[in-house]
2 protein chains.
Amino acid sequence: MVQIYKGEAPAALEAVLDPAMFKALGDPTPTALIARLGERNAPTTVTEAAECCPVDLSVVSRHLAMLRDAGIVQAERHGREVRYTVSHQALAARLRTIADALEACCPEESTCCPTEVER
Amino acid sequence: MVQIYKGEAPAALEAVLDPAMFKALGDPTPTALIARLGERNAPTTVTEAAECCPVDLSVVSRHLAMLRDAGIVQAERHGREVRYTVSHQALAARLRTIADALEACCPEESTCCPTEVER
DNA sequence: TGTATATTTGCACCATGATGCAACTATAGC
DNA sequence: GCTATAGTTGCATCATGGTGCAAATATACA
């Protein structure tokens with residue numbers, strides 16, 4: 001369950017930190033699908049996209065739907081096939097928006113002597 | 001298990017798409033911790049950080065360690081306490097690096113008529 | 001050395017999500 | 001309408017990871 005804590009992040013941050021997007025990017029199969037759509041660089045059917053990884057077609061279908069819901073890819077139906085497209089530019093723009101929000105939310109403060117702790 | 005598919009992403013992308021970072025940002029507790037460290041804006045102990053959310057102190061300790069391993073926060077031990085610091089600037093920089101890699105990897109191509117498919 | 005505080009780690013439990021298979025729906029062509 | 005192809009969805013299974021509790025470790029101080 002994705003529970004949001006009260007006052008978890010500054011408003012601007014909270015608006016752009018989309019858990020769905022990060023969850024998608026944290027798993028290898030969706031990541032592979034994003035790369036696959038990128039290298040094909042053209043509307044790609046579920047069957048074509050499935051060549052990216054050794055998983056069942058239904059798994060690919062589900063992941064693509066998840067990516068669509070997360071706003072990372074777009075879908076268009078043509079007859080009996082559905083063609084997916086990824087906009088790396090759009091995804092990059094979203095990451096930059098988050099970066100902007102991060103820098104804006106909390107002014108940096110110099111710390112005296114940050115020493116790494118061995119793990 | 002985080003399995004990396006062969007040729008999952010262009011080299012430049014693969015180098016910056018860190019699953020550990022995205023996994024951390026996809027869960028509310030680590031996100032709340034990042035925000036907590038940001039608003040305090042100074043080295044923060046585990047006990048202080050734990051005020052961010054209604055979870056056991058051990059959970060906070062584990063999440064902070066995970067964030068440290070993911071390179072998102074830094075830790076320094078002072079006596080019996082460990083003080084954590086987050087650099088929003090550094091995190092923002094990493095996101096921008098990913099954005100750059102995304103834009104560089106696959107030249108955009110215009111699609112004819114991207115129509116959303118109802119879910 | 002003994003005690004108190006701060007943090008980490010072992011362990012068990014539970015919710016979530018990824019997966020494969022089979023059944024189902026949608027569409028095209030006969 | 002019937003059949004074939006493309007994709008989605010239901011269901012069961014399994015791995016992962018978040019969580020709390022208790023025990024262990026690290027350090028300071030008496």
Side-chain angles (χ1 to χ4, degrees), chain A residues 1-5 8 19-34 36-37 43-70 73-85 115-119, chain B residues 1-5 8 19-34 36-37 43-70 73-85 115-119:
Chain A
M1 173 187 57
V2 175
Q3 172 182 345
I4 304 296
Y5 300 140
E8 163 182 318
M21 180 179 73
F22 290 114
K23 278 183 198 294
L25 293 176
D27 188 72
T29 304
T31 304
L33 284 170
I34 293 173
R36 171 79 176 145
L37 295 188
T44 303
T45 67
V46 176
T47 304
E48 289 166 340
E51 292 167 13
C52 77
C53 16
V55 295
D56 194 82
L57 184 68
S58 68
V59 172
V60 172
S61 173
R62 263 187 279 251
H63 277 301
L64 286 173
M66 180 185 68
L67 289 170
R68 161 169 50 76
D69 293 344
V73 303
Q74 286 75 44
E76 42 178 335
R77 174 176 282 279
H78 283 259
R80 52 188 158 180
E81 54 188 32
V82 176
R83 300 177 191 163
Y84 285 91
T85 312
T115 306
E116 293 286 337
V117 142
E118 75 290 346
R119 55 156 311 184
Chain B
M1 172 188 57
V2 175
Q3 173 184 344
I4 304 296
Y5 300 140
E8 165 183 317
M21 181 180 73
F22 290 114
K23 279 184 198 292
L25 293 176
D27 188 71
T29 303
T31 304
L33 284 170
I34 292 173
R36 171 79 176 147
L37 295 188
T44 304
T45 68
V46 177
T47 304
E48 290 167 339
E51 292 168 12
C52 76
C53 16
V55 295
D56 194 83
L57 184 67
S58 67
V59 172
V60 171
S61 173
R62 263 186 280 251
H63 277 300
L64 286 173
M66 180 186 68
L67 290 170
R68 160 168 52 74
D69 292 344
V73 303
Q74 287 74 47
E76 41 180 334
R77 175 175 281 277
H78 283 259
R80 54 189 154 179
E81 54 189 30
V82 177
R83 300 178 191 162
Y84 285 90
T85 312
T115 305
E116 293 286 336
V117 141
E118 75 291 346
R119 58 154 310 182

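Just so we're clear, the structure is a prediction, and the values are computed from it rather than from any experiment. All values below were derived from every heavy atom in this structure, side-chain atoms included, with hydrogens, water molecules and symmetry-related copies excluded. Residue numbering restarts at 1 for every chain, and letters A, B, ... go by the order of the sequence lines.
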From CE of A:Met66 across to P of D:dT8 the rounded distance in Å is 13 Å

Here the distance between atom P of D:dT16 and atom CZ of B:Phe22, to the nearest Å, is 21 Å

A:Asp27 atom CG is separated from D:dC14 atom C1', nearest whole Å, by 15 Å

Does B:Ser61 place a side-chain N or O at less than 4.0 Å from the phosphate oxygens OP1/OP2 of C:dT9?
no

Taking C:dT19, D:dT9, D:dG18 as options, the one with an atom nearest any side-chain atom of A:His63 is C:dT19

Whole-Å distance, A:Glu48 CD to D:dT5 P, equals 16 Å

Once base and sugar-phosphate atoms are separated, protein heavy atoms under 4.0 Å mark nucleotides 20-29 of chain C, 5' to 3', with B, S and - as BB-----BS-

Atom CG of B:Asp69 and atom P of D:dG17 are separated, to the nearest Å, by 13 Å

Could you pull out every donor-acceptor pair under 3.5 Å between side chains of residues 44-55 of chain B and any protein atom, sequence neighbours left out?
unit_1  : atom_1 : unit_2  : atom_2 : d
B:Thr44 : OG1    : B:Arg40 : NE     : 2.9
B:Thr44 : OG1    : B:Ala42 : O      : 2.7
B:Thr45 : OG1    : B:Glu48 : N      : 3.1
B:Thr45 : OG1    : B:Glu48 : OE1    : 3.4
B:Glu48 : OE1    : B:Thr45 : N      : 2.9
B:Glu51 : OE1    : B:Arg36 : NH2    : 2.7

Residues passing the side chain to side chain contact (heavy atoms under 4.5 Å, CB included) test with B:Ile34, sequence neighbours excluded, are B:Leu25, B:Leu67, B:Ile72, B:Val86, B:His88

Rounded to whole Å, the CG-C1' distance (A:Leu67 to C:dA18) equals 14 Å

Atom CG of B:Leu64 and atom P of C:dT9 are separated, to the nearest Å, by 13 Å

Residues passing the side-chain hydrogen bond (donor to acceptor under 3.5 Å, both in side chains) test with A:Ser58, sequence neighbours excluded, are A:Asp56

Separation of C:dT8 atom P from B:Glu81 atom CD, nearest Å, is 11 Å

Contacts of A:Met66 meeting side chain to side chain contact (heavy atoms under 4.5 Å, CB included) (sequence neighbours excluded), chain-then-number -> A:Ala24, A:Pro30, A:His63

For B:Tyr84 and B:Ala65, the nearest pair of non-hydrogen atoms, with its separation, is OH-N, 4.2 Å

For B:Arg62, the salt bridge (Lys or Arg N to Asp or Glu O under 4.0 Å) test, sequence neighbours excluded, returns none

Whichever of B:Thr44 and A:Pro30 has the more 5' nearest nucleotide on DNA chain C, that residue is B:Thr44

Side chain to side chain donor-acceptor pair (under 3.5 Å) with B:Glu81: of B:His78, B:Arg83, B:Arg77, only one passes, and it is B:Arg83

